[in-house]
Amino acid sequence: MCPIIPLPVTFTPLDGSFSLDSRTVIVVSPQTKGVGELLRGRIKTATGLSLKFDSSADGKGIVLKIAPGLSRLGDEGYRLEVDADGIIIQAAKPAGIFYGMQSLLQLFPASIYGPAKTKANWSAPACIVEDHPRFKWRGGHLDVGRHFMPVPDVMRFIDLLAMHKMNTFHWHLTEDQGWRIEIKQYPKLTAIGSKRTNTMTNYSPATYTGKPHEGFYTQAQIREIVKYAAARFVTIVPEIEMPGHATAAIAAYPELGNSGIQLPVATTWGVIDTVLNTEPSTIKFMQNVLDEVIQLFPGQFIHIGGDECPKKEWKESKAAQDRIASLGLKGEHDLQSWFIRQMDQHLTSRGRRLIGWSEILEGGLAPGAGLMVWLGNEGAMEAVRSGHDVVMAQTTHTYFDFYQSRDTANEPKAIGGFLPLEKVYEYEPILPEMTPEQGKHVMGCQFQIWTEYIGDFKKVEYMAFPRACALSEVAWSRRSDRDFASFNERLGPHLSRLEASGVNFRKP
């Protein structure tokens with residue numbers, strides 16, 4: 001049986017095994033040394049062995065080799081060979097070497113993922129693996145607006161994504177209930193917007209903790225996290241919510257709102273009527289924010305939210321209605337589309353691409369924008385028909401803030417819904433009604449962790465795992481190879497790896 005999650009394209013078992021010992025060396029080149037450092041650190045932590053780097057494998061070794069001839073496997077594909085004499089991981093690019101390392105680690109005893117506690121036979125079975133991902137966007141989303149997560153927790157989230165060959169971290173940094181990213185030009189966004197006086201524990205009937213909640217990331221911390229992620233071949237996609245879900249920003253700078261009234265940072269969950277106004281000064285404010293965000297995050301995409309933007313304030317605002325008239329728009333939905341287009345044009349001028357939730361389709365999708373689909377299939381079809389790229393992130397299969405059991409009385413509080421492991425695994429990002437050409441616009445998929453009722457990282461882990469293991473296989477493995485019975489069989493040993501890693505996973 002292939003022991004690897006996500007399932008590789010090919011796995012050929014051979015006779016024999018390779019054992020680590022004090023004579024084992026890691027053979028690296030300048031291009032592969034970064035991955036070699038990560039591998040050496042993991043082996044040292046788990047086994048106590050301090051493996052040396054070498055430039056040639058004279059004896060027993062783990063060879064990490066860039067092989068341009070493997071370009072047929074793409075930038076993230078790899079070939080892993082294990083026999084009694086050594087291990088070789090080859091790939092066209094360093095990312096492939098990294099993913100080959102992740103597969104290699106899964107061949108060793110599960111305790112390779114933990115601290116050195118017991119002596120083990122550190123051997124891996126002989127085999128040949130050739131592998132490459134199905135989708136280029138394989139991600140996990142974490143909302144730190146509702147509940148702030150400290151830097152070590154964010155880094156751990158990145159580690160767990162990388163362990164499962166996921167390459168995108170969607171970092172939801174601003175919300176009605178908290179602004180979590182330092183913006184130098186507008187210090188009150190964090191001085192005021194990162195703090196709220198209370199936190200809901202139940203929506204209806206409403207109950208609260210009676211305690212304040214706060215936290216934000218400095219730009220120095222963000223640079224550290226971005227560097228940490230890059231070393232693990234994870235791209236961070238920051239989300240700065242607009243024009244809705246912006247109460248914390250408006251609390252910090254009331255002139256951004258439609259009433260001019262000083263509001264508190266929100267303490268209730270749900271969709272809040274407070275939205276940004278559409279004045280030129282507000283457009284400029286948010287573009288200035290994005291300029292600082294761009295300096296921190298080198299990835300192609302910047303997420304601007306765009307979801308759940310109530311139109312009540314705009315309907316009642318003379319300024320908003322005047323803008324609709326002066327721009328020749330049909331109504332408030334067109335006004336939202338106009339707002340999004342201002343951000344799209346700005347990001348495009350900076351060499352970046354805008355991505356937003358399903359609702360940015362309202363009034364027409366901005367040129368060049370990507371769509372993150374959380375609402376049904378119609379939006380996905382509309383986007384791909386018009387040649388726009390999509391990331392599939394639907395509530396039905398990827399919202400990991402949903403319950404994992406119908407026996408909700410014996411589960412930690414969740415926002416509602418029911419999403420068991422098997423349903424996650426059956427997710428198919430490319431819809432049956434998509435033509436092959438339209439299917440090429442599906443960049444991939446990701447899971448969502450919304451944190452209204454998730455107050456600490458241990459609960460993040462409980463809600464994410466093992467469901468994230470299932471989605472990693474949806475995102476990586478070939479559709480024709482996926483089989484839930486096979487996955488379930490491989491999941492048993494994989495849970496031992498999570499346990500060794502100290503993950504607070506839910507036992508299926």
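- Other residues, nucleotides and ligands contribute at most 12 non-hydrogen atoms within 6.0 Å of the NZ atom of K312.
- Open room surrounds CD on E378; 12 or fewer heavy atoms of other groups in view lie less than 6.0 Å from it.
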Exercise for review: Could you walk me through whether E437 and K440 pass salt bridge (charged side-chain N to carboxylate O under 4.0 Å, His left out), step by step?
Suggested key: CA-CA 5 Å; E437 194 59 36; K440 292 176 183 176; 3.3 Å; yes

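- Side-chain N or O atoms of D389 include none that pairs as donor or acceptor with a backbone N or O of G370 at under 3.5 Å.
- Looking at T451, its side chain does come within 3.5 Å of a backbone N or O of H147 through a donor-acceptor pair.
- H170 pairs in a ring-ring contact (aromatic ring centres under 6.0 Å, His included) with only one of the listed residues (F157, F447, W357, W137), which is W357.
- A donor-acceptor contact shorter than 3.5 Å links the side chain of E313 to the backbone of V275.
- Scanning all heavy atoms of the two residues, the minimum distance from P466 to L491 falls at CB-CD1, 4.0 Å.
- Using a 4.5 Å cut-off on side-chain heavy atoms (C-beta onward), I181 and I240 make contact.
- K459 forms no cation-pi arrangement with F457, by the criterion of a distance under 6.0 Å to the ring centre and an angle within 45° of the ring axis.
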Between side-chain atoms of residues 98-105 and protein atoms elsewhere (two or more places apart, or another chain), which donor-acceptor pairs fall under 3.5 Å?
from: Y99; atom 1: OH; to: R138; atom 2: NH2; distance (Å): 3.4
from: S103; atom 1: OG; to: Y78; atom 2: OH; distance (Å): 2.5
from: S103; atom 1: OG; to: K165; atom 2: NZ; distance (Å): 2.8

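- Expressed to the nearest 0.5 Å, how far CG of L431 lies from CG of N377 amounts to 4.5 Å.
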Exercise for review: Applying side chain to side chain donor-acceptor pair (under 3.5 Å), run through T398 and Q448 and close with a yes or a no.
Suggested key: CA-CA 6 Å; T398 72; Q448 286 37 255; 2.9 Å; yes

Exercise for review: Check the pair F216 / K195 against side-chain contact (heavy atoms from CB on, under 4.5 Å), numbers first and verdict last.
Suggested key: CA-CA 9 Å; F216 70 92; K195 305 170 185 178; over 6 Å; no

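- Taking each heavy atom of P310 and V271 in turn, the nearest pair found is CG-CG1, 3.5 Å.
- Between L107 and L80 the shortest side-chain heavy-atom distance falls below 4.5 Å.
- In terms of heavy atoms, A246 sits closest to D176 at N-OD1, 3.1 Å.
- The backbone N or O of V503 sits nowhere less than 3.5 Å from a side-chain atom of S501 that would complete a donor-acceptor pair.
- A heavy-atom distance below 4.5 Å is not found between the side chains of Y453 and P412.
- Between the Q177 side chain and the A248 main chain, no donor and acceptor come within less than 3.5 Å of each other.
- Residues T199 and H213 have side chains in contact (heavy-atom distance under 4.5 Å, counting atoms from C-beta outward).
- By the 6.0 Å contact criterion, CD on Q221 is enclosed, its count of non-hydrogen atoms from other residues, nucleotides or ligands being greater than 12.
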Point to revise | side-chain contact (heavy atoms from CB on, under 4.5 Å) assessment of M381 paired with M434 | key: CA-CA 7 Å; M381 290 307 302; M434 289 179 180; 3.5 Å; yes

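- Partners of H397 according to the side-chain hydrogen bond (donor to acceptor under 3.5 Å, both in side chains) rule, which considers only residues two or more places apart in sequence or in another chain, do not exist here.
- Taken from CG in D75 to NZ in K93, the straight-line distance is 4.0 Å, to the nearest 0.5 Å.
- Looking at E130, its side chain never comes within 3.5 Å of a backbone N or O of T10 through a donor-acceptor pair.
- In terms of modelled atom types and a separation under 3.5 Å, the side chain of R497 and the main chain of Y113 share no donor-acceptor contact.
- The main-chain N or O of H303 is never found under 3.5 Å from a side-chain atom of E239 such that the two would form a donor-acceptor pair.
- Closest of all the heavy-atom pairs between P243 and W314 is CG-CH2, 3.8 Å.
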**Study point:** Test log, rule side chain to side chain donor-acceptor pair (under 3.5 Å), inputs Q394 and Y427
**Key:** CA-CA 9 Å; Q394 287 154 307; Y427 190 42; 2.5 Å; yes

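- No more than 12 heavy-atom neighbours from other residues, nucleotides or ligands sit within 6.0 angstrom of OH on Y203.
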Exercise for review: Determine, stepwise, if the pair L495 / K507 fulfils side-chain contact (heavy atoms from CB on, under 4.5 Å).
Suggested key: CA-CA 8 Å; L495 294 180; K507 294 175 176 61; 5.9 Å; no

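- A 4.5 Å side-chain heavy-atom check between R180 and S194 finds at least one atom pair inside the cut-off.
- Atom-to-atom distance recorded for M163:CE and R156:CZ is 9.5 Å, nearest 0.5 angstrom.
- Looking only at atom types and distance, the side chain of W269 has no donor-acceptor partner in the side chain of E175 under 3.5 Å away.
- With a 4.5 Å cut-off on side-chain heavy atoms, L38 and R42 do not count as touching.
- Just one residue in the list E473, E428, E422 forms a salt bridge (Lys or Arg N to Asp or Glu O under 4.0 Å) with R482, and that residue is E428.
- The two atoms that bring S386 and E382 nearest to each other are OG-O, 3.1 Å, heavy atoms only.
- Once rounded to the nearest 0.5 Å, the distance linking CE of M149 with CG of D456 reads 6.5 Å.
- The closest donor-acceptor contact from the side chain of D131 to the backbone of G77 lies at 3.5 Å or more, if one exists at all.
- Not a single side-chain hydrogen bond (donor to acceptor under 3.5 Å, both in side chains) links E426 to another residue, sequence neighbours left out.
- Note: F135 CZ to C445 SG = 6.5 Å, rounded to the nearest 0.5 Å.
- A ring-centre distance under 6.0 Å is found for W450 and H172.
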Exercise for review: Report the C-alpha separation of E224 and Y217 in whole Å, then their side-chain angles, then the decisive distance to 0.1 Å, and conclude whether the side chain to side chain donor-acceptor pair (under 3.5 Å) test is met.
Suggested key: CA-CA 10 Å; E224 180 186 8; Y217 308 97; over 6 Å; no

Practice item. Begin with the C-alpha distance, continue with both residues' side-chain angles, and end with the deciding distance and a verdict on side chain to side chain donor-acceptor pair (under 3.5 Å) for T201 and T207. Key: CA-CA 5 Å; T201 54; T207 57; 2.6 Å; yes

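- Residues Y462 and E411 form a side-chain contact, since some pair of their non-hydrogen atoms from C-beta on lies under 4.5 Å apart.
- At most 12 heavy atoms of other shown residues, nucleotides or ligands fall within 6.0 angstrom of atom CZ in R406.
- Side-chain atoms of R467 come within 3.5 Å of backbone N or O of F400 as a donor-acceptor pair.
- Contact between I360 and A369 at its shortest, heavy atoms only, is CD1-CB, 4.5 Å.
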**Study point:** K458 and E461: CA distance, side-chain angles, deciding distance, salt bridge (charged side-chain N to carboxylate O under 4.0 Å, His left out) verdict
**Key:** CA-CA 5 Å; K458 280 299 176 187; E461 291 179 339; 3.3 Å; yes

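- Between F148 and E214, the closest side-chain pair of non-hydrogen atoms is not below 4.5 Å.
- To the nearest 0.5 angstrom, C127 atom SG is 6.0 Å from I4 atom CD1.
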